[in-house]
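Note sheet for the following structure.
Because only heavy atoms are used, hydrogens play no part in the values below, and waters and symmetry mates are left out as well, while side chains stay in.
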Amino acid sequence: MKFGDYPKAGSLDGVTGFRNYMQSLEIEMPCDDIVAHGRTSPLAAPVEIDGMKIGHRLAIQPMEGWDCERDGKPSENTKRRWRRFGLSGAKLIWGGEACAVRFDGRANPKQLTMTEESQSEIAALRDIVIAAHKEATGNDDDLVIGLQLTHSGRFCKPNDNTRFESIIAYNHPLLDRKFGYPADRPVISDDEIKRLIDDYVVAARRAEACGYDFVDVKHCHGYLGHEFLSAVDRPGPYGGSLENRARFMREIIEGIRAEAPRLKVGVRLSAFDSVPFKPDPALSVPGALGPGVPENHSTPYRYAFGGNADNPLEYDLTETRALFEIMRKLGVRFVNVTAASPYYNPHLIRPALYPPSDGYHPPEDPFIGVMRQLSVVRDLKAAFPDFCLMGSGYTYLQEFFPNVAQAVVRMGWVDLVGLGRMVLAYPELPRDILQGKPVNKKRNCRTFSDCTTAPRNGIVSGCYPLDPHYKKSPEFKQLAVLKKAQVG
C-alpha cells in the first residue's frame with residue numbers, strides 16, 4: 001500500500017469491520033454495536049455544570065466562516081450557520097465561533113468582533129439559535145449557548161487575508177521562521193497585555209448583556225492565549241514558570257468574575273502540542289503535497305505545551321494537569337479539550353484524509369489521530385472527575401461516530417461530544433442520532449478539507465462538496481479554479 005492510501009471509513013464492513021481495522025492499527029477505540037435512542041440512551045442523558053443544565057451529550061464546536069462583515073457584524077452567511085446550529089437540536093453551542101475582543105486581534109478581516117456597534121447583532125445570533133432550536137425540537141429547555149472570546153496573536157490578519165500582522169507572546173525559534181516573522185520582532189509588552197485583558201473583560205460584559213450563558217476564554221490552536229502557555233523564554237510576570245504563563249488566563253477570568261458575575265466561564269484548551277510539521281520535500285511534487293514531517297528541531301524542545309520536551313512528537317500531560325489545578329482554583333470546571341494548531345500541525349487537531357492547501361498528507365492513519373484525542377480526554381477526565389469535559393476530533397469517524405460517541409460517554413471517558421465540520425452540511429445529525437434514525441451516509445463529511453482550503457485563500461468557509469448553498473455560490477467556482485491551479 002503506497003503512502004497515504006489509508007482505507008476510507010465508508011469502505012469498512014460495518015462495526016465488525018471497523019473494530020477489526022482498529023485492531024490492525026493496535027488501538028483500542030471503544031465502539032458500541034447498537035446506538036440507543038430515547039431516554040435510556042447514554043447520549044440523551046443531561047449533564048449539569050456550574051449551575052447550567054445541558055439537555056444531552058451532543059454539542060456543537062465553535063466554527064467560524066470567515067464571512068462576517070468587515071465591521072465585525074454577522075453577515076447573512078453567519079446568521080445561516082448559527083441558525084443551523086439551532087436546527088441541529090444540540091443542547092450546547094460551545095462559543096458559536098471565535099469572536100475577537102478587538103479589531104487588531106482578528107484572524108481575518110471578516111471575523112466576528114465584539115464592539116459597542118456590533119453588540120446588538122451578536123445578541124441577535126443567540127436569538128437565531130434559540131428560535132431555530134424551538135422550531136426543530138419544540139422548546140429551548142436545557143439549551144446552553146456560549147460565545148468564544150479570542151485574540152489571534154501570531155495569526156492575526158485583521159486587514160488583509162494574505163498578510164499576517166502578528167502580535168506575539170515570545171519569539172518562537174521555529175514558528176517565526178516558518179511564517180516569515182523577523183527574529184527580532186517585538187513581543188507584546190506587559191502594559192499592552194493589561195490593556196488587552198481589559199478588552200476581554202469588556203467583551204465578556206457585553207456578552208453577558210447579550211444573554212449568553214458563558215464565555216470561552218480561548219486557549220488553543222496557536223492563538224495568543226495558547227501561546228502564552230508555552231512562553232518559557234518570556235521574561236517578567238507573563239512568562240517563565242507555569243504560574244506566570246497562566247497569568248493571562250487567570251487575570252482575564254478574575255476580571256470577568258468581578259465585572260460580569262452572572263456569566264459562566266469555560267476554556268477551550270489545546271491540551272497538548274507538538275513541533276511544526278511541513279510536507280516532506282523528498283516526497284512532494286508539483287500539485288501533490290508530501291506526507292507531513294516535523295521541522296528540524298533540537299531537544300529539549302520547550303515550546304510545545306503538553307508535549308514531551310525530550311521527544312516533542314509525544315505528549316506529556318504533566319503541565320496540562322497542573323493547569324487544570326490552576327483552573328480549579330479559578331472556579332473553572334468547564335473545559336473543551338482540543339489539540340495543537342491547524343496552522344502548523346493540522347493532522348493532530350483535525351484528523352483528515354485530504355489535506356488543506358497549506359497542509360500536508362497525513363503522516364499517520366487519521367484514526368490514530370482520533371484515538372490520540374480520545375485518550376487525552378479520557379486521562380484528563382480520570383484525573384479531574386469534577387470537571388465537565390467536552391471532546392474534539394471526532395469527524396473522521398464518519399458513519400461510526402454515533403457508535404464511538406455513545407461508547408466513550410457510557411464509559412465515562414468524556415462528558416460531552418463535540419461535533420465540528422460534520423454538521424456544516426448535516427446539521428440534523430444530532431437529532432437523527434438521538435431519535436434512532438440511521439446516519440445519512442451521503443451527507444457525511446469525508447474530510448476533503450475544502451472548508452479550510454477556502455478561507456486559507458480568502459474565500460468564505462463552508463461545506464462546498466455537500467451543502468447546496470455553497471455549491472451554488474460564486475465562491476464554489478473560485479475554489480474550483482484555485483484547486484485546479486494548485487494541482488496543475
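Using a 4.0 Å cut-off between charged side-chain N and carboxylate O, Arg328 and Glu325 make a salt bridge. Arg81 and Glu97 are joined by a salt bridge, as a carboxylate oxygen and a charged side-chain nitrogen come within less than 4.0 angstrom of each other. Asp127 and Lys79 are not joined by a salt bridge, as no carboxylate oxygen comes within less than 4.0 angstrom of a charged side-chain nitrogen. Between Arg102 and Asp199 there is a salt bridge, with a side-chain nitrogen of the basic residue lying less than 4.0 Å from a carboxylate oxygen of the acidic one. A salt bridge is absent between Arg206 and Glu259; no separation between the charged side-chain nitrogens and carboxylate oxygens falls under 4.0 Å. Taking a cutoff of 4.0 Å between a charged side-chain nitrogen and a carboxylate oxygen, Lys264 and Asp213 do not qualify as a salt bridge. With respect to Lys110 and Asp71, no salt bridge is recorded, no charged nitrogen being found less than 4.0 Å from a carboxylate O. With salt bridges taken as basic N to acidic carboxylate O contacts below 4.0 Å, none links Glu227 and Arg234. Ion pairing of Glu295 with Lys178 is present here, as a side-chain N (NZ or NE/NH1/NH2) and a carboxylate O approach within less than 4.0 Å. Ion pair Glu165/Arg163 flagged as a salt bridge, since at least one NZ, NE, NH1 or NH2 atom sits closer than 4.0 Å to an Asp/Glu carboxylate oxygen.
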Worksheet entry | Ser274/Leu313 under side-chain contact (heavy atoms from CB on, under 4.5 Å): CA gap, chis, key distance, verdict | CA-CA 6 Å; Ser274 180; Leu313 302 183; 3.9 Å; yes
Worksheet item: Step by step, would you call Asn345 with Asp273 a side chain to side chain donor-acceptor pair (under 3.5 Å)?
Response: CA-CA 8 Å; Asn345 42 33; Asp273 204 355; 3.2 Å; yes
Item to complete: Start with the C-alpha distance between Ser75 and Arg80, add both sets of side-chain angles, then the distance that settles side chain to side chain donor-acceptor pair (under 3.5 Å), and finish with yes or no.
Response: CA-CA 9 Å; Ser75 69; Arg80 177 182 185 268; over 6 Å; no
Item to complete: For side-chain contact (heavy atoms from CB on, under 4.5 Å), just list the numbers for Arg84 and Val423, CA-CA rounded to whole Å, side-chain angles, deciding distance to a tenth of an Å, and then say yes or no.
Response: CA-CA 8 Å; Arg84 286 158 76 85; Val423 297; over 6 Å; no
Item to complete: Quick one: do Asn77 and His469 satisfy side chain to side chain donor-acceptor pair (under 3.5 Å)? Show the steps, please.
Response: CA-CA 10 Å; Asn77 268 339; His469 176 78; 2.7 Å; yes
Item to complete: Evaluate side-chain contact (heavy atoms from CB on, under 4.5 Å) for Lys329 paired with Ile326, printing each intermediate quantity in order.
Response: CA-CA 5 Å; Lys329 291 176 183 177; Ile326 291 171; 5.7 Å; no
Discussion item. Is there a ring-ring contact (aromatic ring centres under 6.0 Å, His included) between Phe334 and Phe214? Walk through the geometry before answering.
Written reply: CA-CA 10 Å; Phe334 198 32; Phe214 72 97; 5.1 Å; yes
Item to complete: Apply side-chain contact (heavy atoms from CB on, under 4.5 Å) to Arg154 and Tyr181, showing your working.
Response: CA-CA 9 Å; Arg154 182 175 293 275; Tyr181 309 140; 3.1 Å; yes
Worksheet item: Going through the checks in order, is the side chain to side chain donor-acceptor pair (under 3.5 Å) test met by Arg446 and Gln398?
Response: CA-CA 7 Å; Arg446 298 300 183 185; Gln398 299 169 57; 2.6 Å; yes
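Inter-residue side-chain proximity for Leu87 and His133 is flagged as unmet; no heavy-atom pair is nearer than 4.5 Å. Annotation: side chain of Cys156 is not in contact with side chain of Arg106 (no heavy-atom distance under 4.5 Å).
Between the side chain of Ser449 and the backbone N or O of Thr452 there is no donor-acceptor pair closer than 3.5 Å. The main-chain N or O of Leu348 is never found under 3.5 Å from a side-chain atom of Arg372 such that the two would form a donor-acceptor pair. With Thr453 contributing its side chain and Ser357 its backbone, the two residues share a donor-acceptor pair below 3.5 Å. Side-chain N or O atoms of Gln148 include none that pairs as donor or acceptor with a backbone N or O of Ala100 at under 3.5 Å. Judged by distance alone, the side chain of Thr113 and the main-chain N or O of Gln111 form a donor-acceptor pair under 3.5 Å. In this structure a side-chain-to-backbone donor-acceptor pair under 3.5 Å is present from Lys471 to Pro465.
Note: Trp82 and Phe85 have tilted aromatic rings, judged against thresholds of 30 and 60 degrees for the angle between ring planes. The aromatic rings of Tyr343 and Tyr223 sit perpendicular, their planes meeting at an angle over 60°, well past the 30° parallel limit. The aromatic rings of Phe401 and Tyr394 sit perpendicular to each other, their planes meeting at more than 60°, with 30° as the lower class boundary.
Taking the centre of each ring, Tyr470 and Phe476 stay at or above the 6.0 Å mark. Two rings, from Phe305 and Phe272, have their centers 6.0 Å or more apart. For Phe155 and Phe179, the ring centers sit closer than 6.0 Å to each other. Under the 6.0 Å cut-off for aromatic ring centres, Tyr360 and His347 qualify, their centroids lying closer than that.
Cation-pi contact between Arg333 and Phe387: present, with separation from the ring centre below 6.0 Å and deviation from the ring axis of at most 45°.
A search for side chain to side chain donor-acceptor pair (under 3.5 Å) contacts involving Tyr238 returns Lys194, Glu251, not counting sequence neighbours.
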